[in-house]
*Asks:* 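What follows is a single structure, and I will ask about it in a moment.
Here is how names work: the chains are called A, B, and so on, in the same order as the sequence lines, proteins then strands, and each is numbered from 1. Please read these numbers as outputs of a predicted model, since none were measured by experiment.
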2 protein chains.
Amino acid sequence: MSDTALWTALADPHRRAIVALLLERPRPVGEIVEACGLSQPSTSKHLKVLREAGLVRVRQDAQRRVYALDPAPIAALDAWLAPYRRLWNSSLDALGRRLDETDATPDDT
Amino acid sequence: MSDTALWTALADPHRRAIVALLLERPRPVGEIVEACGLSQPSTSKHLKVLREAGLVRVRQDAQRRVYALDPAPIAALDAWLAPYRRLWNSSLDALGRRLDETDATPDDT
DNA sequence: ATCGTGCATTCCTTGACGGGAATATAACCG
DNA sequence: CGGTTATATTCCCGTCAAGGAATGCACGAT
């Protein structure tokens with residue numbers, strides 16, 4: 001699993017949705033399929049990507065596979081983010097302020 | 001700019017490298033080309049993706065275009081991350097601990 | 001052993017992405 | 001205006017990711 005695999009995995013909206021679902025609680029595939037409105041194969045493929053990125057783990061429970069979040073990769077993201085925090089979070093936001101002179105339209109959900 | 005555009009922009013290693021370069025200071029395109037070892041057109045295309053994701057802004061300086069980071073989208077990432085922090089950062093890491101019983105291999109840089 | 005359930009994998013097609021080469025555009029200089 | 005520098009855009013191509021349909025596989029029940 002590379003760093004890029006992690007970013008790529010999260011670049012897909014469906015996969016972010018799955019990750020959000022798994023934040024609430026571990027779930028078997030069937031539940032994820034239903035919640036996401038994806039087909040079962042498509043869901044399995046997304047889960048594979050998440051697995052290979054290290055974001056989720058599987059526990060086998062009879063015929064079901066219960067997926068759960070693995071905190072580590074998300075913590076890695078947090079670590080990646082750390083150097084950028086000063087841009088908006090610390091007193092050195094003079095840089096951000098300088099940028100804001102030009103234009104300021106934060107736009108995301 | 002969608003949320004997905006932001007993740008997609010950062011999913012590319014070259015673009016993350018560019019973002020890291022711009023964290024140090026704003027830079028004209030030529031400097032980025034040289035630092036990344038990419039061709040000039042390729043660099044311009046990556047910069048376009050970053051621009052459309054809202055991650056960078058351009059200031060025109062004579063014939064040069066000086067790119068600088070925009071903190072807002074990265075702050076948005078940070079906000080996205082927030083709900084996950086409890087997974088490894090708070091006292092409720094019993095969940096993480098339960099996962100660690102299965103296997104524990106944090107592997108990323 | 002056989003069947004049914006839950007999930008994974010493969011095949012196929014389509015659309016997006018990335019790189020190189022060439023070209024276009026814009027700004028400055030004389 | 002013509003030329004040069006700095007950057008953006010286009011065209012073409014190879015590669016890769018995503019979705020649907022069909023199939024394969026593992027486990028449990030009977």
Side-chain angles (χ1 to χ4, degrees), chain A residues 1-22 25-70 73 102, chain B residues 1-22 25-70 102-103:
Chain A
M1 158 210 159
S2 70
D3 214 40
T4 294
L6 174 58
W7 286 99
T8 303
L10 290 172
D12 184 275
H14 292 138
R15 287 194 290 259
R16 284 199 304 278
I18 292 176
V19 166
L21 278 174
L22 295 181
R25 62 167 181 276
R27 300 176 192 256
V29 177
E31 231 177 281
I32 301 173
V33 167
E34 194 177 356
C36 290
L38 289 170
S39 73
Q40 178 267 313
S42 187
T43 303
S44 267
K45 280 183 280 190
H46 283 305
L47 286 170
K48 181 177 187 176
V49 175
L50 292 171
R51 232 186 302 132
E52 291 175 349
L55 276 161
V56 301
R57 301 190 186 172
V58 206
R59 173 175 58 94
Q60 188 137 9
D61 172 46
Q63 305 105 325
R64 293 182 309 174
R65 308 269 186 112
V66 179
Y67 279 82
L69 268 189
D70 184 336
T102 312
Chain B
M1 158 208 158
S2 72
D3 214 40
T4 294
L6 173 57
W7 284 99
T8 303
L10 290 173
D12 185 275
H14 291 138
R15 286 194 291 260
R16 284 199 303 278
I18 292 175
V19 165
L21 277 174
L22 295 182
R25 63 167 181 277
R27 299 177 191 257
V29 177
E31 229 176 284
I32 301 174
V33 167
E34 194 177 355
C36 289
L38 288 171
S39 72
Q40 177 267 315
S42 187
T43 304
S44 267
K45 279 184 279 192
H46 283 305
L47 286 170
K48 181 177 186 176
V49 175
L50 292 171
R51 233 186 300 130
E52 289 175 349
L55 276 161
V56 301
R57 302 191 186 172
V58 207
R59 175 174 56 93
Q60 188 135 11
D61 172 47
Q63 306 106 322
R64 291 182 311 174
R65 307 267 188 115
V66 180
Y67 280 81
L69 268 189
D70 184 336
T102 312
D103 177 74

*Asks:* Please report the distance, rounded to the nearest Å, between CD1 in I18(A) and C1' in dC7(C).
*Replies:* 14 Å
*Asks:* Determine whether a donor-acceptor pair (one donor, one acceptor, N or O, separation below 3.5 Å) exists between the side chain of Q40(B) and the base of dA6(D).
*Replies:* no
*Asks:* Is the closest side-chain heavy-atom distance between V58(A) and V66(A) below 4.5 Å?
*Replies:*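 A side-chain contact is absent here, since even the closest heavy-atom pair is not under 4.5 Å.
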*Asks:* Tell me: CZ of R51(A) to P of dT9(C), nearest whole Å?
*Replies:*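 The distance from CZ of R51(A) to P of dT9(C) comes to 6 Å, rounded to the nearest Å.
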*Asks:* For P41(B), answer base if it contacts any base atom (sugar-phosphate contacts may also be present), sugar-phosphate if it contacts only those atoms, and nothing otherwise; contact means non-hydrogen atoms under 4.0 Å.
*Replies:* base
*Asks:* Tell me: NZ of K45(B) to C1' of dC17(C), nearest whole Å?
*Replies:*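 Rounded to whole Å, this separation is 10 Å.
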*Asks:* Would you mind telling me which residue lines up with the more 5' stretch of DNA chain C, V49(B) or E31(A), judged by nearest nucleotide?
*Replies:*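 Its nearest nucleotide being more 5', the pick is E31(A).
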*Asks:* Does dA18(D) have its OP1 or OP2 closer than 4.0 Å to a side-chain nitrogen or oxygen of R15(A)?
*Replies:*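 Answer is yes, contact under 4.0 Å.
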*Asks:* dG18(C) P sits how many Å from L10(B) CG, rounded?
*Replies:*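 Rounded to the whole Å, the gap is 12 Å.
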*Asks:* Hey, is R25(B) close enough to E31(B) for a salt bridge, meaning N to O under 4.0 Å?
*Replies:* yes
*Asks:* Does dC17(C) have OP1 or OP2 under 4.0 Å away from a side-chain N or O of H46(B)?
*Replies:*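 Answer is no, no contact under 4.0 Å.
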*Asks:* Looking only at the side chains, is there a donor atom on one of R59(B) and Y67(B) sitting less than 3.5 Å from an acceptor on the other?
*Replies:*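 Side-chain D/A pair, R59(B) to Y67(B): absent.
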*Asks:* Once you round it to whole Å, what is the distance between P of dT7(D) and CD1 of I32(B)?
*Replies:* 9 Å
*Asks:* Rounded to the nearest angstrom, tell me the gap between atom CZ in R27(A) and atom C1' in dC7(C).
*Replies:*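 Taking CZ of R27(A) and C1' of dC7(C), I get 18 Å after rounding.
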*Asks:* Please work out if S39(B) contacts a base, only the sugar-phosphate, or nothing of the nucleic acid, heavy-atom cut-off 4.0 Å.
*Replies:*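 Counting heavy atoms under 4.0 Å across all strands, the contact made by S39(B) is with sugar-phosphate only.
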*Asks:* If we only count heavy atoms from C-beta on, is the L69(B) to V56(B) side-chain gap below 4.5 Å?
*Replies:* yes
*Asks:* From CG of D12(A) over to C1' of dG19(D), roughly how many Å is that when rounded to an integer?
*Replies:*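 To the nearest whole Å, that distance equals 11 Å.
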*Asks:* Considering only heavy atoms from C-beta outward, does the side chain of T4(A) approach that of R16(B) to under 4.5 Å?
*Replies:* yes
*Asks:* To the nearest Å, how far apart are R65(A) CZ and dG28(D) P?
*Replies:*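 Checked: the CZ to P distance equals 12 Å.
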*Asks:* Identify whether any heavy atom of S44(B) sits under 4.0 Å from a base atom; if not, whether one sits that close to sugar-phosphate; answer base, sugar-phosphate or nothing.
*Replies:* base
*Asks:* When you match V29(B) and T8(A) each to their closest nucleotide on DNA chain D, which lands nearer the 5' end?
*Replies:* V29(B)
